[in-house]
Trainee: 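First, the structure itself, so that you have it in front of you.
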Amino acid sequence: MKITMFKSKLHQMAVTEANLMYEGSITIDEDLLDAANLLPYEKVQVLNITNGSRIETYTIPGERGSRVCCLNGAAARLTQVGDRIIVISYAEMPPEEARNHKPRVVIVDENNDPTKVLDSTEPATSFDLKSGLVDNTLVEEEQ
């Protein structure tokens, strides 16, 4: 038996583009894919924090260092530039492996620059609605 586990995610990405005319997928800076242990063409869920939509698609590598996050095709109808999203992947594994599995969590800032890399998720203690970030120091600095 195999179970599906949370493998990795890019947390709080800012959507930089939406391209309705592309055939589909999400284009993400290849540096960010690497940081989150995501492969090109890997199936992902895209959870839109701004409007609550959830879609499944696959990744396409974007230019390294560009910090691009572009929803393509039909997904572009559910997302606007500036929306905050979570890109998450899952992996199937036997329960024995799952018990010791640690996910890769990459938290990014408002420019999609990685600020933290974690091996678990943490509950939010505060939330900045303007930026969508869950970083207490950033929230305090903006006040």
Trainee: Tell me every residue that passes side chain to side chain donor-acceptor pair (under 3.5 Å) with Arg64, counting only those two or more places apart in sequence or in another chain.
Mentor: Asp31, Asp34
Trainee: Linking Ile, Leu, Val, Met, Phe, Trp and Tyr by side-chain heavy atoms under 4.5 Å, what else ends up with Leu39?
Mentor: none
Trainee: Residues sharing Tyr22's hydrophobic cluster, by side-chain heavy-atom contacts under 4.5 Å among ILVMFWY, directly or via others?
Mentor: Tyr41, Tyr58, Ile60
Trainee: Report yes if the side chains of Ile85 and Leu71 come closer than 4.5 Å at any heavy-atom pair, otherwise no.
Mentor: yes
Trainee: Provide the full list of salt bridge (Lys or Arg N to Asp or Glu O under 4.0 Å) pairs with a residue in residues 11-20, sequence neighbours left out, each pair given once.
Mentor: none
Trainee: Under 4.5 Å between side-chain heavy atoms, counting indirect links through other Ile/Leu/Val/Met/Phe/Trp/Tyr residues: same cluster for Leu20 and Val15 or not?
Mentor: no
Trainee: Within the 4.5 Å heavy-atom criterion, are Val46 and Leu78 side-chain neighbours or not?
Mentor: no
Trainee: To the nearest 0.5 Å, what is the distance between OG1 on Thr59 and CD1 on Ile28?
Mentor: 6.5 Å
Trainee: Only counting residues at least two apart or in another chain, list the ones meeting side-chain contact (heavy atoms from CB on, under 4.5 Å) with Ala14.
Mentor: Arg84, Asn112
Trainee: For side-chain contact (heavy atoms from CB on, under 4.5 Å), just list the numbers for Leu47 and Lys9, CA-CA rounded to whole Å, side-chain angles, deciding distance to a tenth of an Å, and then say yes or no.
Mentor: CA-CA 11 Å; Leu47 316 176; Lys9 75 175 172 178; over 6 Å; no
Trainee: Show your reasoning for whether side-chain contact (heavy atoms from CB on, under 4.5 Å) applies to Leu38 and Lys7.
Mentor: CA-CA 9 Å; Leu38 291 167; Lys7 184 188 121 213; 4.2 Å; yes
Trainee: Sequence neighbours excluded, which residues qualify as side chain to side chain donor-acceptor pair (under 3.5 Å) partners of Tyr90?
Mentor: Gln45
Trainee: In sequence, state the C-alpha distance, the side-chain angles, and the governing distance for Ile107 and Val105, and then conclude on side-chain contact (heavy atoms from CB on, under 4.5 Å).
Mentor: CA-CA 6 Å; Ile107 299 173; Val105 178; 4.1 Å; yes
Trainee: Under the 3.5 angstrom rule, does the side chain of Asp83 hit a backbone N or O of Asn51 as a donor-acceptor pair?
Mentor: no
Trainee: Within the distance-only criterion (no hydrogens, no angle test), does the side chain of Ser8 pair as donor or acceptor with the backbone N or O of Ala36 below 3.5 angstrom?
Mentor: yes
Trainee: In the hydrophobic cluster built from side-chain contacts under 4.5 Å, what are the other members alongside Ile3?
Mentor: Met5, Met93
Trainee: Listed by chain and number, what are the salt bridge (charged side-chain N to carboxylate O under 4.0 Å, His left out) partners of Lys43, not counting sequence neighbours?
Mentor: Glu56
Trainee: With sequence neighbours left out, what residues match Pro114 under side-chain contact (heavy atoms from CB on, under 4.5 Å)?
Mentor: Leu32, Arg67, Val106
Trainee: Do Cys69 and Ile26 pass the side-chain contact (heavy atoms from CB on, under 4.5 Å) test, and can you show the C-alpha distance, the side-chain angles, and the key distance before you say yes or no?
Mentor: CA-CA 7 Å; Cys69 176; Ile26 183 170; 4.1 Å; yes
Trainee: Output all residues satisfying side chain to side chain donor-acceptor pair (under 3.5 Å) with Arg104, sequence neighbours left out; order by chain, then residue number.
Mentor: none
Trainee: Tell me every residue that passes side chain to side chain donor-acceptor pair (under 3.5 Å) with Ser25, counting only those two or more places apart in sequence or in another chain.
Mentor: Asn72
Trainee: Output all residues satisfying salt bridge (charged side-chain N to carboxylate O under 4.0 Å, His left out) with Glu96, sequence neighbours left out; order by chain, then residue number.
Mentor: none
Trainee: If hydrophobic clusters are built from ILVMFWY residues whose side chains come within less than 4.5 Å, do Val108 and Val81 share one?
Mentor: no
Trainee: Roughly how far, to the nearest 0.5 Å, is the CG atom of Leu10 from the CG atom of Leu33?
Mentor: 7.0 Å
Trainee: Might you point out which heavy atoms bring Val68 and Gly62 nearest each other, and give the distance in Å?
Mentor: CG1-CA, 4.0 Å
Trainee: Looking at SG of Cys70 and CG of Asp29, how far apart are the two atoms once the value is rounded to the nearest 0.5 Å?
Mentor: 13.0 Å
